Amino acid sequence: MNAFDKIIGYNSVKNELRQISDTLKNRDRYDRLGVKAPRGLLLYGDPGVGKSLMASAVIEESGRKVFVCRKDKPNGDFVKEIKATFDKAIENAPSIVYLDDMDKFANSDESHRNTEEYVTVQSCIDDAKDKELFVLATVNDIYCLPHSLRRAGRFDRLIKVEAPHGKDAEQIIAHYLKSKKISGEIDPITIAHIMDGHSCAELETVINEAGLYAGYERAEYITMEHFMKACLHTVFGIGFRNKEKDDECFSTGLSDPRSVYSQIVCHEAGHAVMSEVLCPGSVTLICVLRERENGKGGFTACYNDNSKSSLYWDKSRILTFLGGMAAVEQKFGIQDYGSSGDLANALDYVKKFVMAKGLCGFQYYSLVRPSPELQYRQEQVVATEVEKYYHKAKEILSLNAEFFEKVASALSRKGLLSACDLQQIKSECTIIPVSL
């Protein structure tokens with residue numbers, strides 16, 4: 001096993017890192033071609049996505065000595081430390097200088113990037129131009145750095161490391177599950193879809209959190225229910241759920257339209273049914289709460305597998321946003337006053353269609369601040385389009401009334417439905433597809 005085998009997923013990034021390591025380790029091959037090794041590599045991305053692990057793999061596979069520099073001294077002393085680190089590396093060339101969390105070297109922002117620390121790093125890189133010195137750096141926020149520092153000739157390779165998606169997330173979750181005692185019902189794909197866009201560190205935390213729930217309950221295995229609780233806590237900020245209190249709350253059902261709980265159940269079922277009819281397999285989790293937390297009475301989480309065009313997905317999101325209020329109106333004949341956020345989201349999507357994409361006619365298209373007259377006409381067409389989408393949402397719910405009623409009924413009883421639960425309900429219904 002080489003060092004890159006420790007990195008799960010990220011195949012395209014690993015291939016590029018392997019190539020860089022090879023240029024450092026096998027200089028003769030490249031010298032015969034008359035080419036130079038890259039002078040520096042900058043790995044950037046959000047915290048917890050694996051940048052440090054990738055940097056360590058490059059260092060290990062290169063076979064070179066490494067000299068690490070990270071901010072652990074006051075500003076004046078730290079500038080001296082930067083210079084001393086480069087001097088030691090040059091004396092021991094061929095070598096690597098590893099600048100760990102370089103965006104933490106100085107308190108700067110996009111407007112104040114030419115601080116002494118960054119100027120010093122830039123100067124030290126230039127002074128080592130003809131030496132066998134490779135500079136490796138990790139940063140969370142690349143825009144804290146001056147452009148002159150991150151340009152080619154100083155950092156020849158800039159690689160963005162993103163949170164794992166799709167197969168990468170599934171592989172990482174499967175890796176973390178290997179050391180856990182889990183039940184056979186555990187579905188890494190469902191967990192990956194719920195956690196889509198979250199860092200590797202967060203994936204590991206959710207899996208460990210699920211184990212903590214299982215241990216507290218004295219369970220023999222970690223189950224899918226434990227993972228659902230862990231996802232609620234880590235991803236959505238929903239606290240510890242007490243099963244007995246949940247059972248008492250969720251037994252009330254949908255009989256009373258004046259009940260806030262009944263309206264929330266109906267609202268979330270509307271979101272879920274709309275998304276699932278338009279984009280099958282997109283709903284990962286539906287939850288209603290016995291008490292509001294962080295201003296939420298419930299939520300429906302969706303996953304985009306990119307199988308649909310971006311235009312189709314955007315249209316489906318508009319209808320999904322409107323599906324909650326449409327469901328409450330159709331079920332109880334009342335206005336859903338808890339839908340202001342959903343309505344605002346739907347309006348934002350339609351505004352982009354009208355003003356930035358020209359989908360309602362070029363006469364409404366505008367990339368600059370529109371005139372008052374154009375703005376008035378844009379607002380009119382946006383309102384008209386949202387009204388059309390709202391009627392379409394009610395039509396879709398009516399066509400799939402059986403599916404909606406079964407989802408709402410199950411949600412009112414359980415309070416929490418996973419993708420597997422939803423697919424089971426869906427298999428018992430006749431789904432009427434709708435074209436957009």
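All of these numbers come straight from a predicted model, not from anything done at the bench.
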Lys/Arg-Asp/Glu bridge criterion (N-O < 4.0 Å) met for K331, E405: yes
Where V265 and L411 come nearest, the two heavy atoms and their spacing: O-CD2, 3.8 Å
Closest non-hydrogen atom pair between C266 and A327, with its separation: SG-O, 3.4 Å
Side-chain (K51) to main-chain (D46) donor-acceptor, under 3.5 angstrom: yes
Steps toward side chain to side chain contact (heavy atoms under 4.5 Å, CB included) verdict (R150, Y44): CA-CA 11 Å; R150 47 190 167 94; Y44 67 99; over 6 Å; no
Closest non-hydrogen atom pair, I432 against L399: CG1-O, 3.3 Å
Donor-acceptor under 3.5 Å (R39 side chain, I125 main chain): yes
Any side-chain heavy-atom pair of L416 and I286 under 4.5 Å: no
Donor-acceptor pair, side chain of D77 and main chain of K73, under 3.5 angstrom: no
Stacked cation flag K352 on Y349, 6.0 angstrom / 45 deg: yes
Listed partners of L212 passing side-chain contact (heavy atoms from CB on, under 4.5 Å), at least two apart: N208, E209
Geometric cation-pi criterion K71 and F78, 6.0 Å radius, 45° cone: yes
Whether F236 and F299 hold their rings parallel, tilted or perpendicular, with breakpoints at 30° and 60°: parallel
Heavy-atom side-chain proximity of R18 to D22 below 4.5 angstrom: no
Side-chain donor or acceptor of D103 paired with backbone N/O of I142 under 3.5 Å: no
Spacing of CD1 belonging to I7 relative to NE2 belonging to H175, to within rounding of 0.5 Å: 11.5 Å
Minimum heavy-atom distance C279-S316, with the two atoms named: SG-OG, 3.5 Å
L43 CG to L53 CG distance, which is reported to the nearest 0.5 Å: 10.5 Å
Salt bridge (Lys or Arg N to Asp or Glu O under 4.0 Å) between K6 and E60, worked out: CA-CA 12 Å; K6 300 173 186 175; E60 184 176 337; 3.5 Å; yes
CD-CD1 distance between E204 and I173, expressed to the nearest 0.5 angstrom: 11.5 Å
Derivation and outcome, side chain to side chain contact (heavy atoms under 4.5 Å, CB included), residues L289 and C287: CA-CA 7 Å; L289 308 173; C287 178; 3.5 Å; yes
Between S21 and S62: side-chain donor-acceptor atoms closer than 3.5 Å: no
Under 3.5 Å side-chain donor-acceptor pair for Y98 and D100: yes
Y213-F227 aromatic ring centre distance below 6.0 Å: no
Salt-bridge contact K394-E329 (side-chain N to carboxylate O under 4.0 Å): yes
Validation row: L42, V135 side chains within 4.5 angstrom (heavy atoms): no
Side chain to side chain, I425 and F403, heavy atoms closer than 4.5 Å: yes
Greater than 12 external heavy atoms within 6.0 Å of K160's NZ: no
Donor + acceptor pair across side chains of D342, H267 (<3.5 Å): yes
Residues in side-chain contact (heavy atoms from CB on, under 4.5 Å) contact with A214, at least two apart in sequence or another chain: A219, I222, H226
Any side-chain donor near an acceptor of the partner, Q380 and Y376, under 3.5 Å: yes
Which atom of S199 lies closest to which atom of G48, heavy atoms considered: CB-O, 3.4 Å
Contact check, side chains of T115 and Y118, non-hydrogen atoms, under 4.5 Å: yes
Non-hydrogen side-chain atoms of C420 and T190 separated by less than 4.5 Å: yes
Row check, Y10 ring normal vs K14 NZ/CZ: under 6.0 Å, within 45°: no
Any donor-acceptor N/O pair, N345 side chain to G341 backbone, under 3.5 Å: yes
Between S12 and N15, a side-chain donor and acceptor under 3.5 Å: no
Distance-minimising heavy-atom pair for Y261 and S412: OH-O, 2.8 Å
Main-chain N/O of T320 paired with H271 side-chain donor or acceptor, under 3.5 Å: yes
Residue pair Q122 / S148, side-chain heavy-atom distance below 4.5 Å: yes
Main-chain N/O of G153 paired with D156 side-chain donor or acceptor, under 3.5 Å: yes
Side-chain donor or acceptor of D168 paired with backbone N/O of G9 under 3.5 Å: no
Inter-residue atom distance T384.OG1 - E379.CD, 0.5 Å rounding: 11.5 Å
Nearest-0.5 Å distance that lies between atom CG in L17 and atom CG in L136: 9.0 Å
Sequence neighbours excluded - salt bridge (Lys or Arg N to Asp or Glu O under 4.0 Å) pairs with any residue from residues 264-284: E276-K426
Pairwise side-chain contact, V139 with C144, heavy-atom cut-off 4.5 Å (strictly under): no
Sidechain N-carboxylate O distance under 4.0 Å for K392, E387: no
